[in-house]
Amino acid sequence: MKYLFGIILLSMIVVFCTKQEASNEELQKQAQSYLDSYSDEYQKLYYASAEAEWKANTYIIDGDTETEKLVQETGEAFSKFTGSKSVIDTVQYFLASKEKLTPLQVRQFNAILYNAGRNPETAGDVVKDLISANAKQTKDLYGFSFQLNGEEVSTNKIDEVLFKSNDLDERLKAWEASKEVGVVLKDGLENLQSLRNKSVQALGYDDFFAYEASDYGYDTKELREVTQQMIRDVWPLYRELHTWARHELAKRYGQEVPEMLPAHWLPNRWGQEWAPMIEVEGVDLDKSLAQYDKEWIMKKSEEFWVSMGFPNLPQSFWDKSSLYPLPEGADYKKNNHASAWHMNLGEDVRSLMSVEPNTKWWATTLHELGHIYYYMSYTNPDVPLVLRGGANRAYHEGIGTMIGLASMQVPFLQGQGLIDENVEVDKIQFLLKEALDYIVVIPWGAGVMTDFEWELYSNELPKDQYNSKWWELKAKYQGIVPPYDRGEEFCDAASKTHINNDPAQYYDYAMSTVLLFQFHDHIAKNILNQDPHETNYWGSKETGKFLMDLTRPGASVDWKEHLQNSIGSEFSAKPIVDYFSPLMEWLKKENEGREHTLPETI
């Protein structure tokens, strides 16, 4: 199918312009007519594709070829439209005279051209093959049967073992079980590596990594410098945390202090967050939440946003979302990875979760609703359809994660009756628990994940080096090693969801962590007049207004300018470093006399 409106409009423009040079006003009218037509078709096809993907993620049945076919067909239709030669030619025509267009029109055309890079018609059958490969990889990943001690288990069960068990044999079995899926996905990853590069190279990008970096206005070199600088900024603190963790876990498991951290010692399948290592006395949130049901978690999370002046979630959210674990004996599976969906870039917002009344899901639910309210905020007449996204991708994650941070601070929890009002909390231990989450994620996200995917796409990492490169980077950036030599029969990188179906963007999480502390610092000091370590956003309409102003423009503004205008600062890790400075002093004393096995600089 050809999308004739683009061809016809372009032909009319060319004919008109052979007779006389279009004035600014005339060209803007022509541009707007095209943008309106494009947006209508874009939304229709986007919605159909999102519905198919939703079913593929929420209703997984072995042998269900119909849903797989629907995902492929709707994906192909959307891809054929967004990547069509007529769209690319028309957009490039208008951008050739961008000085005559409004800034908002130019931004829309740039977004359309970026979207075309995922599936340009000029790539031929590559796009069709890529859609099919993506669908198969998703099905293989989320339909995988995880086995522990001969029984099928959920990833929640694996996580529970890694969170709580002090039995190293039990921990090793759970960790190994979590990695078996990588073996199944390795061939598919190699196929996706090639197809993703070919698809964007057809539009002039060097490779898929360079394409994703361009969304921030960076080239590959600039993006990697930003990520490396984040790691350098937090490295002294991470190095102290690593030293502390080696000694703490060795004592817990009755082992010699290792030079590097064995992966199965840590409370996360990928070693990306270590907060469950410690419990802060007086803050036993699991015990408090156990008295409630999973529905309470959801409704309380909505109440928080409403308390700041945001609207209630639409009824369609409750009707159409998949919020809770499947009942025992269900004859289908679902993706257990929490996510938020803007189904039609309009009013249909949904979330896919497996909420349970515990600490993990308390923070995760508030985080995911951060994305949902961001969607709702920029769904307004001032933000064109193709610009309904975060000011950059990290903004979205930053808003969600900031709410996760705020929801775990003591005054907030006391205000909701989840911990005693008179409890004395060890502030250093509380900071330590936060650092084991927010600091630890930066070398992981900006280092391991970013460099692995840079190697994968920019340097065309061979399949027979996937696992060795993965563990090389894990050692370099995290100081983490496998329990034993993991040869190339494994593909431990592919056990991470994002490597498969959200590729070459994981630095978003590291950048969002830096941003969230910038936003939080501003709210605490300039709006709430509270210590950034002890805030309570609940009921603050002024905080709500700040968040509304921050989120309402979506991607219709330059993210760097928007940051400067919102908080009076450029992108900087200073607030997160300052936030954890009391902990840094404590760790230096705690680690005095201990060997640091990570280098002083990186």
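Residue K560 qualifies as enclosed at atom NZ: its count of foreign heavy atoms under 6.0 Å is above 12.
A distance-only check finds a donor-acceptor pair linking the side chain of S407 to the backbone of G404 [under 3.5 Å]. Remark: the backbone N or O of P357 is not paired with any side-chain donor or acceptor of K294 at under 3.5 angstrom. Checked by atom type and distance alone, the side chain of H371 never pairs as donor or acceptor with a backbone atom of G400 at under 3.5 Å. K433 places a side-chain N or O within 3.5 Å of a backbone atom of I278 that can act as its donor or acceptor partner. Side chain of N500 to main chain of A494: a donor-acceptor pair is present (N/O by atom type, distance under 3.5 Å, no hydrogens or angles). Here the side chain of S458 pairs no donor or acceptor atom with the backbone of E455 at under 3.5 angstrom. With hydrogens and angles ignored, the 3.5 Å screen pairs no side-chain donor or acceptor of T365 with any backbone N or O of W362. Within the 3.5 Å criterion, the main-chain N or O of H264 finds a donor-acceptor partner in the side chain of R171. Checking side-chain atoms of T401 against main-chain N and O of E397 turns up a donor-acceptor pair under 3.5 Å. A donor-acceptor pair under 3.5 Å is absent between the side-chain atoms of N392 and the main chain of Y216, judged by distance alone.
Checking N591 against T243 by side-chain atom types alone, no donor-acceptor pair falls below 3.5 Å. S495 and W270 are linked by a side-chain donor-acceptor pair at a separation below 3.5 angstrom, with hydrogens and angles left out of the test. Side-chain contact annotation: W305 with S307, donor-acceptor N/O pair under 3.5 Å absent. Side-chain atoms of Q505 and E212 include a donor-acceptor pair closer than 3.5 Å. For K574 and Q518, the side-chain atoms include no donor-acceptor pair closer than 3.5 Å. Q478 and K474 share a donor-acceptor pair across their side chains, judged by distance under 3.5 Å alone. Judged purely by distance below 3.5 Å, without hydrogens or angles, the side chains of Q229 and D233 pair a donor atom with an acceptor atom. Side chains of E453 and H498: no donor on one and acceptor on the other come within 3.5 Å. For N335 and H337, the side-chain atoms include no donor-acceptor pair closer than 3.5 Å. In this model, a donor atom of one side chain and an acceptor atom of the other lie less than 3.5 Å apart for W471 and D492. For the residue pair R393 / Y507, a side-chain donor-acceptor distance below 3.5 Å is found, with atom types taken as modelled.
The distance between the ring centers of Y395 and Y378 does not fall below 6.0 angstrom. In this structure, H522 has its ring center closer than 6.0 angstrom to the ring center of F546. Ring centers of F146 and F144: under 6.0 Å apart, within the cut-off. The aromatic ring centroids of Y292 and W361 lie 6.0 Å or more from each other. Taking the six-membered ring for Trp, Y375 and H396 have ring centres closer than 6.0 Å.
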*Using the ring pair (Phe, Tyr, Trp, His ring centres under 6.0 Å) rule, take F304 and F412 through it: C-alpha gap first, then chi angles, then the decisive distance, then the call.*
CA-CA 10 Å; F304 165 61; F412 183 97; 5.3 Å; yes
*Can W470 and S468 be said to form a side chain to side chain donor-acceptor pair (under 3.5 Å), step by step?*
CA-CA 5 Å; W470 177 253; S468 60; over 6 Å; no
*When you look at Y253 and W265, which way does the ring pair (Phe, Tyr, Trp, His ring centres under 6.0 Å) test go after all the steps?*
CA-CA 9 Å; Y253 301 135; W265 284 24; 5.3 Å; yes
*Check the pair I576, T513 against side-chain contact (heavy atoms from CB on, under 4.5 Å), reporting the backbone distance first and the verdict last.*
CA-CA 8 Å; I576 189 173; T513 302; 3.8 Å; yes
*asked:* With salt bridge (charged side-chain N to carboxylate O under 4.0 Å, His left out) as the criterion, how do E240 and R594 come out once you've worked through the C-alpha distance, each side chain's angles and the decisive distance to 0.1 Å?
replied: CA-CA 10 Å; E240 296 293 340; R594 293 173 173 174; over 6 Å; no
*Begin with the C-alpha distance, continue with both residues' side-chain angles, and end with the deciding distance and a verdict on side-chain contact (heavy atoms from CB on, under 4.5 Å) for F209 and L456.*
CA-CA 9 Å; F209 188 93; L456 193 67; over 6 Å; no
_Worked check of ring pair (Phe, Tyr, Trp, His ring centres under 6.0 Å) between Y506 and W444_ = CA-CA 9 Å; Y506 207 87; W444 154 254; 5.8 Å; yes
*How far apart are the C-alpha atoms of F571 and W559, what are their side-chain angles, what is the distance that settles it, and do they pass the side-chain contact (heavy atoms from CB on, under 4.5 Å) test?*
CA-CA 10 Å; F571 184 71; W559 73 268; 4.2 Å; yes
*asked:* Let's go through Y438 and Y579 carefully: what are the C-alpha distance in whole Å and the side-chain angles of both, what is the deciding distance for ring pair (Phe, Tyr, Trp, His ring centres under 6.0 Å) to 0.1 Å, and is it a yes or a no?
replied: CA-CA 11 Å; Y438 296 108; Y579 184 90; 8.1 Å; no
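Between E225 and R232 there is a salt bridge, since at least one side-chain N of the basic residue sits less than 4.0 Å from a carboxylate O of the acidic one. Salt-bridge check for R246 with E259: failed, with every basic side-chain N at 4.0 Å or more from each acidic carboxylate O. Salt bridge status for E592 with K589: absent, with no side-chain N to carboxylate O gap under 4.0 Å. Of the charged side-chain nitrogens involved, at least one lies within less than 4.0 Å of a carboxylate oxygen, so that R224 and D451 count as a salt-bridged pair. Checked for salt-bridge contact, E176 and K173 miss the test: no charged N lies under 4.0 Å from a carboxylate O. Salt-bridge check for K300 with E303: passed, with a basic side-chain N closer than 4.0 Å to an acidic carboxylate O.
Applying side-chain hydrogen bond (donor to acceptor under 3.5 Å, both in side chains) to Y537 and the options Q530, H520, Q409 leaves one that passes, H520.
With a 4.5 Å cut-off on side-chain heavy atoms, E302 and N312 count as touching.
With a 6.0 Å cutoff to the six-membered ring centre and a 45° limit on the axis angle, R269 does not count as a cation-pi contact of W175.
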